[in-house]
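Here's the structure, in structure tokens; my notes come after.
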Protein chains: 2
Amino acid sequence: MLYLHLFIEMNKTESGSEKSIKVQLIIEVAQRRFGLYGVEKTSMQEIADDLKLSKAFLYYYFPDKERLYKAVVEKEQNEFLARISEKILNIQEPELLLREYVSTRLSYFRTLLNISRLRLEAYSDLKPVFRETISLFKEKEKEIIVRIFEKGVSKGIFSIKDPDQTASLFLDLLKGLRISVVNDKKTLFIEQKEYDRLLEKTIAFTDIFIKGLKIK
Amino acid sequence: MLYLHLFIEMNKTESGSEKSIKVQLIIEVAQRRFGLYGVEKTSMQEIADDLKLSKAFLYYYFPDKERLYKAVVEKEQNEFLARISEKILNIQEPELLLREYVSTRLSYFRTLLNISRLRLEAYSDLKPVFRETISLFKEKEKEIIVRIFEKGVSKGIFSIKDPDQTASLFLDLLKGLRISVVNDKKTLFIEQKEYDRLLEKTIAFTDIFIKGLKIK
DNA sequence: ATCTGACTATTTAAACAAAATGGTCAGACA
DNA sequence: TGTCTGACCATTTTGTTTAAATAGTCAGAT
């Protein structure tokens, strides 16, 4: 396994970002194609053609297509987390924070949907490699929400018994609302109109939820 | 079309319940088989065998399998609505009403899931005949919630600008939570454990939502 | 008017071949 | 030695045909 050293480097997501320029290039090209046509409708050959290199070149840097997909998803995740972190630094009010989180998260959702182009619930039959990535992201997400909630509690604004549980409930509701509203049916790509409706509902939901958390 | 007169009778859901004893019998037998094996795994022949009558007998009373399915679903719907109506008569507090609605609705959901045995989102590719039934039910459902909300408002307990909009948001959230929590994946039948978890989350959600509606 | 047996029409399933795509590897080249 | 390729193999997907199962029809018996 010639690529082993590279693969290990890729996976230490913490020190990350030390990916060679070539790996980054592949990811970017893949990201674009995935974004346009989805993973399933993108062949490794096409990505190689974009780069004007051979298909075997890709397999020199990535063990398989799934790992490349994973890398793209992780890049998107990091971009999302970066955006959120930036906002967290500048905003003090937990209420506003939550609202910012929600809208940023929504646009991330749209990107992800474009990349995967799978029915939404296809989340279920994903490979172990992915479960890891997804659950890691979920944890990070929840951590952010928990912190926002705790901030609200310590500021005497929110009344929350179990911030951890409430956070995962909140995320489940957001996810559920997404699924329930965009009912992907045949179209499979999210339309602007649907997205707007989702945004509207999400905001209305957040308002009520926040009010439900507030101390009377 | 020999069945026309019957079909018309069946469809005037309002005066309803005038269905002949035979039609009712068929529906009940189908209801049991659908509940046990799902629509797709139940053949018309099997239903006929249960009744010890010919398959053609069924087609004398129902134009096609889909309409029989529809009749079963409508029966379930009516049973659900009847249970809810009964509760509404006895409960005065909007808060309690909403909680009762939520838990009754959840058990109805479980029944429906058993009957259809389709992936949850299979809701999407349903025939026009069904869209009608579903959307009618949705309207009735929303109407109930709206009335609960309005009662809460008039009693000075809730503060809701647009009860109609809030009601459909509430229903979307419930639906979303269901989908998001039971992730039907391969199992396809809902396990007790999952159901309990859903119930727990639904209750927690309802608590916060109600608090979010209340006047400070 | 109600119901059936025998029929037809559709849908689903199985089996197979052809094409597309993921993935491997020996070796060329720096 | 590290990087990359063309030619190759293995698996999955797609298309086609055929057979079986099931939905649906109808003339006619009662």
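Proteins get letters first, then strands, A, B, ... in listed order; numbering begins at 1 in each.
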Short heteroatom pairs, N/O only, protein and nucleotides 4-7 of chain C, under 3.5 Å:
unit_1: C/dT4; atom_1: OP2; unit_2: B/Ser54; atom_2: N; d: 3.1
unit_1: C/dT4; atom_1: OP2; unit_2: B/Ser54; atom_2: OG; d: 3.0

Please step through ring pair (Phe, Tyr, Trp, His ring centres under 6.0 Å) for the pair B/Phe137 and B/Tyr108, ending with a clear verdict.
-> CA-CA 12 Å; B/Phe137 179 69; B/Tyr108 167 63; 5.4 Å; yes

Trace of the salt bridge (Lys or Arg N to Asp or Glu O under 4.0 Å) decision for A/Glu79 with A/Lys75 | CA-CA 6 Å; A/Glu79 284 167 5; A/Lys75 186 171 174 238; 3.5 Å; yes

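Taking five base pairs at each end of the helix from C/dA1-D/dT30 to C/dA30-D/dT1 and finding the rotation axis that steps the C1' atoms of four pairs onto the next four gives two axes whose angle is 30°, to the nearest 10°.
Under the 6.0 Å cut-off for aromatic ring centres, A/Phe109 and A/Phe80 do not qualify, their centroids lying 6.0 Å or more apart.
Using a 4.0 Å cut-off, some side-chain N or O of B/Tyr61 falls inside it from OP1 or OP2 of C/dC3. OP1 or OP2 of D/dG24 sits under 4.0 Å from a side-chain N or O of B/Tyr59.
Pairs of residues two or more places apart, or lying in two chains, that qualify as salt bridge (charged side-chain N to carboxylate O under 4.0 Å, His left out) and include a residue from residues 200-210 of chain B are A/Asp172-B/Lys201, B/Arg99-B/Asp207.
Expressed to the nearest 0.5 Å, how far CG of B/Leu68 lies from CD of B/Gln31 amounts to 10.5 Å. Remark: A/Arg178 CZ to A/Arg105 CZ distance equals 4.0 Å, nearest 0.5 Å.
The side chain of B/Met44 has D/dA23 as its nearest neighbour among D/dC4, D/dA23, C/dG22.
Each of A/Lys87, A/Glu86, A/Arg83 was checked for a side chain to side chain donor-acceptor pair (under 3.5 Å) with A/Thr104, and the lone residue meeting it is A/Lys87.
When side chains are defined from C-beta on, B/Tyr101 does not count as touching B/Leu97, because their heavy atoms never get closer than 4.5 Å.
The CD atom of B/Glu66 sits 12 Å away from the C1' atom of D/dA23 (whole-angstrom rounding). Between the C1' atom of D/dT25 and the CG atom of B/Leu58 lies a distance of 14 Å, rounded to the nearest Å.
As judged by a 4.0 angstrom heavy-atom cut-off over every strand, A/Lys41 is placed among residues making no nucleic acid contact.
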